[in-house]
Every structure is written in structure tokens, then in C-alpha cells.
Amino acid sequence: MTARTTARTTKMGMGIVAALLAASVYGVGYWMGHRQAPANADHEAAAQARKPLFYRNPMGLPDTSPTPKKDAMGMDYIPVYAGEQPDEAPGATQQIKISTDKVQKLGVRTEAVQRKVLDRTLRAAGRVELDERRVYTIAAKFEGYIEKLHVNATGQAVRQGQTLFEVYSPELVSAQREYLLANQALKDASADNLPGLQPGMQQLADAGLARLKNWDISPEQLAQIKAAAAGQTRRTLSVSSPVGGVVTEKKAVQGMRFAPGEVLYQVADLSTVWVMAEVFEQDIRWVKTGSRAKVHLSAYPDNVFEGPVTTIYPTLKAETRTVAVRIELSNPGGRLKPGMFAQVELGNATPRDVTLAVPLSAVIDSGTRQIVLVQRGEGRYEPREVRLGVRNDKDVEVLSGVQDGEAVVVSANFLIDAESNLKAAISGFGHAAVGHHAQGKVEAIDAANKELSISHGPVASLHWPGMTMDFKVANEALLQGLQPGSAISFEFVERGPGEWVITAVQPTAHAGH
């Protein structure tokens, strides 16, 4: 074989190899094309399935659009796809979203709204007082002198009918003499058979006896006076206690002169006492006359005294904003001393069957409105304004705002700063760990309103392009050291719809946008 033949043979062989390679490439391409066709079809179907439901405002304002558009600052509205907000639609109530792991870390716990019977036990401070219906004042109805004291100390116990003191009174002596003379004249007229004088003498004797009775001379002493002969008057008479009890006040002193009506003793019957409890005005509707009350005294920690509520006083004490409630207690043995302090438990007489109730811990109270957080799904919560009714120590009646069976958050109130308002509290709950970072340049400072105008670069976490906009600052300290033209790196959060608040500022060498 010559060299030319060899070369021709070699060239033909290379052509055949090239043809074979081309056929192989074509076959592989044909096979891969058919292999990828279904995948491309699936991709197109998935793209169609992820067609946006609507477009939301990029600044977080409650503004949506069914078609793509730009806001006043030239920013594109952000598409919202199916599955991202399954329970929300344009115009629906804004929901708070937190991740599942953060729900566990925060210890968020929910309970169902349900029907309950609200009964309540009120606790109030009280004091033991005298039963005013069993306090007696002892005063003479005539003028006289105290000859001898038989009860001479405050706090001394006395029996009904016991002699308190002996008194000398010229009026008493004169009244006795007049009665005895009239009585003797009546006897003489009867003995001498003078019927014309008897009616007059009888009237004089009856008038003298009535005068002595009106001065509270005891029946025993009147009997002694009647039995005495004419001219045998008693110089002194005794004054007795009309009731049994304890002397709470004594003004009588041996030898003193007293005038008619002057108080000499005060005697109180302590077999029954009052406990006066002070109930705040917002709780008074829970108290009914006839309901039972429990009274605790530090003097007797092992005993509980019970009695009925007998009176709810008709006036309010303006200084303490309380209403006095009276409880009557029997006091055998005099263990309850007037002046003792007491702790009173008042149970409402008619428990109220409410429509719906939630635990007290579920309510966030701003002072002007009340809100609960309703669970709308895993990690999603909806703030609801509610109208509340009566409450007890654990639950509160909900008149409107929630439905039976809905789950409300009952253990996330610790997220609310005591110094923040309700709006910041709810926003902080939803954005507890969401912060955005940007770099920019300070354009203007409004110290009076705590605002910064910043020309910043793109914010990837919010899909924002670079722009100039106004920000609030969390506190005035963040403005220190800043001036127009300062290059800064800053962090900000959304405190409310469209309200962006700077929480940290760091000067940089140059603006990063």
C-alpha cells in the first residue's frame, strides 16, 4: 500500500468517526429534549399556580392592588402568592406572624373562649363597731346631786336593773311629799264620807304618782313611797340601768351636781356587733342584702365568723370611693371588741350566667380600649378589640369581639412593655425579632418631632430600592452626634402600618448607597 493510499484510507476513517459522533450527539440531544419536555411543562404549571393573589404596599400601609403598580415613591408593590396568607384577603384584618420556634421560646399559651358562670368573692377591709340599736344613754330628767356611785368605772359590766348611783334631788323630795299628802287627803275624805272631795283628792294623788313615774322612778321605789306615811319622804333615790351591757362612757362623779338631760352614763349591749366593710364603687353591684359574709380577725386566726349583709349604705365616701356595707355578727362571750380590724369576704348572692368569658390574662388593656389576640393558625394571631362586662378573680365577660370556641392568647402579656402604648405592644409582638438594616446619609434632622430624613441604599429584607424617606427615632439619644451629611448604618423596625422607627444608629466612613 502506498503512502497516498494510506492517507486516503486514514481520511475516510476519520470521516466515518465524525459522522458517528454527530449521529450520537443528535440522538442524545433528541432524547434529552423529550426528557426535559415534561419538566418544562411542570415548571410552567407551577409558575401559573404561583400567580399572585394581589399586590401589597411595599411600605406596609393597608393598601393593596389586584394588578402590579408603583407607589408614590416609585416602589413596586410586592406580590402576595397563594399559601402566604391563607386566611387573609385584601382589606382583611392585619395579622401578627411569628415563627413556630419563637412561639415555643416565648411560651405562648392559648385557651378557648367559652361560656362560664361568673361568681365572685369580694375582699374588703372592715372594722368591728357597736350595734347602734343596742347603745343606751342614761341621763336624769330632773336636777340633783350624786350622793353615791355604785358603778364607777368605764368598761364595767352591768346587769339590767342594777343600781348605777344614788341621787338627792329637792324636786324628788317635793314631789314625794305632794303625792303623800294628796294620798293621805284621799284616805281622810273616804273615812269622813265626804264624796265631794274624793274626786279632787284622787286627781291630785294620780298626778303626783304620774310625775314620779315620768322621772323614771322604779316600780319598787314607787311601792316604797306609797307605803310610807305622810311626811316620811325618802331623801335619796337610786337610778338603775335599763339594759345589761358594758359601760362605754361614764361622766358621773360622786358629789357632782347634774342638770336635767345631762348624760351621765352610756351602756352598750355587746351581744351583737356590726362589722363595717368598705367596698369599692366598681364592686358594689356584686353585693346584695341577705348574702352571707365571712369575717377574719387577726385576734382569732383559727376562727371564721359568719353573718348576713343587712345594710348597703346609700352614700359613697368621696375620699376613698367606697360604699359602707354592714354585716351583723352575734358575739357570745364578748370576743369581738369594737375597734378591731377585720378582713371581710363577700360572696355575690346571684352568680351571673354570661354569654362568653375569657381569662383576665388574655386582655391587653390600653386604658381606652381592650384587645385580645385570637389564634388564626400556626404562629399567626389576629388582634381583636373586645367589649368587656363583669369580671371575677379569674375571668371576664366578653360582650362582643370574639366567638365561642376561638382560641385566645393567655400567656404572652410579658411581651408588653409597661411604658409602651397598645399599638407599640401589638406591633412588638408581631415583630419581636424582625429588624431591618440599611446604610445611608442624613439629609435633614427634625429634633422637635424626633425624625430623620435619610437617603438610604437598597433594603433586601423589605425588597426596597434606594430612596430618600423619613424615619422616626426610638429616643432622642439616637440623634446625638448626627448632622446633615452624616454617613450612617442604621437598624429600624415597623412599629405600625407605614411607621418605621430607627432603633440603632452607627456612624460610618461613607454612605453606602
Side-chain angles (χ1 to χ4, degrees), residues 57-62 71-75 78 94-99 101-103 105-108 364-371 373 381 383 409 411-513:
N57 189 291
M59 300 299 292
L61 296 175
D71 67 356
M73 303 176 69
M75 298 175 58
I78 300 172
Q94 184 180 2
Q95 293 185 5
I96 299 168
K97 299 179 183 178
I98 54 178
S99 61
D101 60 338
K102 187 160 291 293
V103 170
K105 290 178 181 178
L106 295 176
V108 178
I364 303 172
D365 195 337
S366 72
T368 58
R369 61 175 184 158
Q370 294 79 37
I371 280 183
L373 299 177
Y381 304 92
V409 177
S411 64
N413 289 343
F414 64 90
L415 295 173
I416 303 169
D417 191 326
E419 296 181 0
S420 67
N421 57 32
L422 181 60
K423 182 178 179 182
I426 294 177
S427 177
F429 185 95
H431 303 285
V434 177
H436 309 285
H437 301 269
Q439 292 185 334
K441 183 179 68 174
V442 177
E443 298 293 342
I445 300 175
D446 185 353
N449 296 318
K450 295 192 291 186
E451 289 185 349
L452 284 175
S453 178
I454 301 176
S455 177
H456 64 78
V459 182
S461 59
L462 291 170
H463 306 291
W464 286 0
M467 67 180 121
T468 300
M469 61 182 289
D470 294 334
F471 293 86
K472 291 279 189 181
V473 293
N475 55 73
E476 295 180 356
L478 296 174
L479 298 176
Q480 295 180 2
L482 298 182
Q483 57 185 357
S486 297
I488 60 172
S489 174
F490 61 99
E491 181 178 343
F492 62 97
V493 297
E494 185 183 12
R495 189 166 67 183
E499 185 180 11
W500 303 96
V501 180
I502 294 176
T503 57
V505 177
Q506 182 67 38
T508 60
H510 57 83
H513 65 94

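Each residue takes its place number in the sequence, starting with 1.
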So among V505, I502, V473, V442, which one has a side chain to side chain contact (heavy atoms under 4.5 Å, CB included) with L479? V473

Side chains of H456 and Q439: closer than 4.5 Å at any heavy-atom pair? no

Under the side-chain hydrogen bond (donor to acceptor under 3.5 Å, both in side chains) test, which residues partner T503, sequence neighbours left out? none

Can you sort out the partners of A474 under side chain to side chain contact (heavy atoms under 4.5 Å, CB included), two or more places apart, ordered by chain and number? L478, V501

Show every salt bridge (Lys or Arg N to Asp or Glu O under 4.0 Å) that has at least one partner inside residues 454-467, sequence neighbours left out. none

For I78, all residues meeting side chain to side chain contact (heavy atoms under 4.5 Å, CB included), sequence neighbours excluded: R56, P58, H463

What pairs meet the salt bridge (Lys or Arg N to Asp or Glu O under 4.0 Å) rule with one or both residues in residues 457-486, with sequence neighbours excluded? E451-K472

side-chain contact (heavy atoms from CB on, under 4.5 Å) evaluation trace for I371 with R369: CA-CA 7 Å; I371 280 183; R369 61 175 184 158; 3.6 Å; yes

If I take atom NE2 from residue H437 and atom OG from residue S489, how far apart are they, to the nearest 0.5 angstrom? 8.0 Å

With N449, which residues qualify under side-chain hydrogen bond (donor to acceptor under 3.5 Å, both in side chains), at least two apart? D446

Please evaluate residues Q370 and I364 with respect to the criterion side-chain contact (heavy atoms from CB on, under 4.5 Å), reporting the C-alpha separation (whole Å), side-chain torsions for both, the decisive distance (0.1 Å), and the verdict. CA-CA 6 Å; Q370 294 79 37; I364 303 172; over 6 Å; no

I want to check something: taking the side chain as every heavy atom from C-beta on, are I488 and I454 in contact at a cut-off of under 4.5 Å? yes

Give the ring-plane orientation class for F492 versus W464, where under 30° counts as parallel, over 60° as perpendicular and anything between as tilted. parallel

Could you check if a side-chain atom of M469 sits within less than 4.5 angstrom of a side-chain atom of W500, using non-hydrogen atoms only? yes

